[in-house]
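Quick note: numbers below take in every heavy atom, side chains included, and nothing from hydrogens, waters or symmetry partners. Positions are given from 1, in the same order as the sequence printed here.
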Amino acid sequence: FSLFARGSLLFLRPRTQTKRAVRIADDEYARSQGALERSVRAPRASPPTQRPRYALPDRARARAVPFEQLAALLALATRARAAVCGTFPEYEDMPIEHATRFNLTWARDANGGQFAKIDTAAFGTPVSYILTKCASTSHFATSHPGTNVFTVPVRGLFLQDTVQVALLDELGAVDALRAYADTQYISSAAVRRHIRENNVVDVVMTTSPFYGTDYALLATLPGIGAYVVNTYGHASTVTQLNASGLDGKVLLIDELSEGTPLGRAEWIKVMGLVTGKEARTKFTQIVVLYESAKASAMAQSTPTVWWGG
């Protein structure tokens, strides 16, 4: 073998290699040198333009959803969440015409579900509660802290007065009654039959020196979704319910505080929301009957009464 050089490169070849082989090697060397010189003279290529940080990679851009489609998907998801909680289409535009002791407002929760908020008061102290169709109500603890929340329809009720019982009876919702304080004062045949056939618990305490609701017994009863109270003895009632650990289920239906017959009757709309019964038509019928009876009474001539001593 012999060693020969071309520029900075060394080549090793057999001594028997022909001139033709040497020429081929020389040609290969010349081509490599020419390529090297051209690369040195060529201008440096500018770096590729960088994409903005918010630009999507080509593959991701191919899968990107147009804004209109994204908005439609979000709206669909909102409707799906709302469907889980439900809405109140038969109530949402229902006016309150005669009652002055409560306000009814409508709103949407974080899931898009509709809910009703009842604002009332007990002896000047504001009282509010929420009625929703959501099975889970934990998200209201953030949006409405300290407000009692009820999933409607409420299946089990404790009632405190006979007017509340009359509202249930008028709505055809007596099956919601689970407990009552002193059932002897209930006169409705339908309600008394329900009490007898469904073992509605009488939670009256008749032992001396107390007479009233047996809260210790009430606290042990299963299936009570709401303890419906009014302002008659409200402070002591709520205190007792709180002491029994039932304060989160107290619901104020205060028809007794209204100053007019129609004002008291309009609380049927709240009871309808609580029990899931249609109350707007019922109340309209009550108004018609009341106005008819009132007009009939006013048309009667006033008798003249003679008296002497």
Side-chain angles (χ1 to χ4, degrees), residues 71-72 74-122 126-137 139-140 142-144 147-155 157 163-164 166-176 225-226 228 230 251-295:
L74 290 174
L76 182 62
T78 299
R79 288 195 297 272
R81 289 195 300 270
V84 172
C85 288
T87 58
F88 299 79
E90 70 276 25
Y91 281 103
E92 57 187 352
D93 61 343
M94 180 176 63
I96 306 302
E97 303 167 283
H98 301 274
T100 61
R101 298 290 296 170
F102 76 91
N103 291 320
L104 171 62
T105 55
W106 295 97
R108 297 273 178 175
D109 61 21
N111 294 325
Q114 190 178 38
F115 68 90
K117 185 168 181 281
I118 309 294
D119 295 296
T120 182
V127 176
S128 298
Y129 50 88
I130 287 173
L131 305 175
T132 177
K133 291 184 178 180
C134 291
S136 173
T137 61
H139 55 286
F140 287 104
T142 301
S143 60
H144 296 80
T147 302
N148 287 353
V149 182
F150 299 90
T151 297
V152 296
V154 179
R155 299 301 182 188
L157 297 176
V163 177
Q164 296 167 353
L167 297 179
L168 275 189
D169 194 11
E170 188 67 26
L171 290 167
V174 296
D175 59 330
V228 182
N230 55 35
L251 195 157
L252 179 62
I253 293 186
D254 194 24
E255 79 293 337
L256 292 178
S257 66
E258 294 289 345
T260 65
L262 289 180
R264 295 180 70 180
E266 196 161 22
W267 280 83
I268 196 173
K269 294 178 180 179
V270 178
M271 189 66 85
L273 282 167
V274 170
T275 58
K277 299 293 185 179
E278 198 283 318
R280 171 183 280 181
T281 302
K282 286 291 183 182
F283 182 68
T284 300
Q285 294 171 352
I286 292 172
V287 172
V288 170
L289 292 173
Y290 175 80
E291 295 294 350
S292 176
K294 180 180 176 180

Participant: Kindly compute the distance separating CG (Leu157) from CZ (Arg155), expressed to the nearest 0.5 Å.
Facilitator: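 Going from the CG atom of Leu157 to the CZ atom of Arg155 covers 10.5 Å.
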Participant: Hey, is the main chain of Pro95 close enough, under 3.5 Å, to the side chain of Lys269 for a donor-acceptor pair?
Facilitator: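 Such a contact is found between Lys269 side chain and Pro95 backbone.
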Participant: Closest heavy-atom contact between Val270 and Tyr129?
Facilitator: CG1-OH, 3.6 Å
Participant: Nearest 0.5 Å, what's the CG-CD distance between Asp254 and Gln164?
Facilitator: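 Separation between the atoms: 9.0 Å.
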Participant: With a 3.5 Å distance limit and no angle check, can you tell me whether Thr151 reaches the backbone of Cys134 through a side-chain donor-acceptor pair?
Facilitator: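 Checking the backbone N and O of Cys134 against the side chain of Thr151, a donor-acceptor pair under 3.5 Å is found.
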Participant: Are any non-hydrogen side-chain atoms of Glu97 and Phe283 less than 4.5 angstrom apart?
Facilitator: yes
Participant: Do Thr137 and Ile130 pass the side-chain contact (heavy atoms from CB on, under 4.5 Å) test, and can you show the C-alpha distance, the side-chain angles, and the key distance before you say yes or no?
Facilitator: CA-CA 10 Å; Thr137 61; Ile130 287 173; over 6 Å; no
Participant: Does the Glu258 side chain pair with the main chain of Arg101, one donor and one acceptor, at a distance under 3.5 Å?
Facilitator: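 Confirmed, Glu258 side chain pairs with Arg101 backbone.
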Participant: Phe88: what forms a ring-ring contact (aromatic ring centres under 6.0 Å, His included) with it, not counting sequence neighbours?
Facilitator: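 Once residues adjacent in sequence are excluded, the partners of Phe88 under the ring-ring contact (aromatic ring centres under 6.0 Å, His included) criterion are Trp106.
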Participant: Just wondering, do Val163 and Arg264 contact through their side chains at under 4.5 Å, heavy atoms?
Facilitator: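 Touching, per the 4.5 Å side-chain cut-off.
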Participant: Would you name the heavy atoms of Gly272 and Tyr91 that are closest together and state the gap between them?
Facilitator: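 Closest approach of Gly272 to Tyr91, heavy atoms only: C-OH, 3.5 Å.
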Participant: What I'd like to find out is whether the side chain of Ile118 reaches to under 4.5 Å of the side chain of Phe150, using heavy atoms alone.
Facilitator: no
Participant: Is there side-chain contact between Phe102 and Ile96, with heavy atoms separated by less than 4.5 Å?
Facilitator: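 Side chain of Phe102 against side chain of Ile96, heavy atoms only: contact under 4.5 Å found.
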Participant: Should Leu104 and Leu273 count as side-chain neighbours, where that means a heavy-atom distance under 4.5 Å?
Facilitator: yes
Participant: What do you reckon, is CZ of Arg280 surrounded by more than 12 foreign heavy atoms closer than 6.0 Å?
Facilitator: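 Check passes, neighbour count above 12.
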Participant: For Leu252 and Ala122, work out which heavy atoms get closest and say how close.
Facilitator: CD2-CB, 4.1 Å
Participant: Just verifying a value: how many Å separate Lys294 NZ and Leu262 CG, rounded to the nearest 0.5 Å?
Facilitator: 8.0 Å
Participant: Kindly compute the distance separating OG1 (Thr120) from CH2 (Trp267), expressed to the nearest 0.5 Å.
Facilitator: 4.0 Å
Participant: Test your reading of the model: is there a side-chain donor-acceptor pair from Glu266 to the backbone of Ala99, 3.5 Å cut-off?
Facilitator: yes
Participant: To the nearest 0.5 angstrom, please state how far the OG1 atom of Thr87 sits from the NZ atom of Lys133.
Facilitator: 6.0 Å
Participant: For Ala226 and Val154, work out which heavy atoms get closest and say how close.
Facilitator: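 For Ala226 and Val154, the tightest heavy-atom pair comes out as N-CG1, 3.8 Å.
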Participant: Roughly how far, to the nearest 0.5 Å, is CD of Glu255 from CE of Met271?
Facilitator: 7.5 Å
Participant: Which atom names give the shortest non-hydrogen contact between Leu171 and Ala279, and what distance separates them?
Facilitator: CD2-CB, 3.8 Å
Participant: Is the shortest side-chain heavy-atom distance between Val228 and Val274 below 4.5 Å?
Facilitator: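 A side-chain contact is absent here, since even the closest heavy-atom pair is not under 4.5 Å.
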Participant: Under the ring-ring contact (aromatic ring centres under 6.0 Å, His included) rule, collect the residues that match up with Phe140, sequence neighbours excluded.
Facilitator: Phe115
Participant: If I compare all heavy atoms of Gly276 with all of Pro153, which pair ends up nearest, and what's the gap?
Facilitator: N-CB, 3.8 Å
Participant: Heavy-atom distance under 4.5 Å between the side chains of Leu251 and Asn148, does that happen here?
Facilitator: no
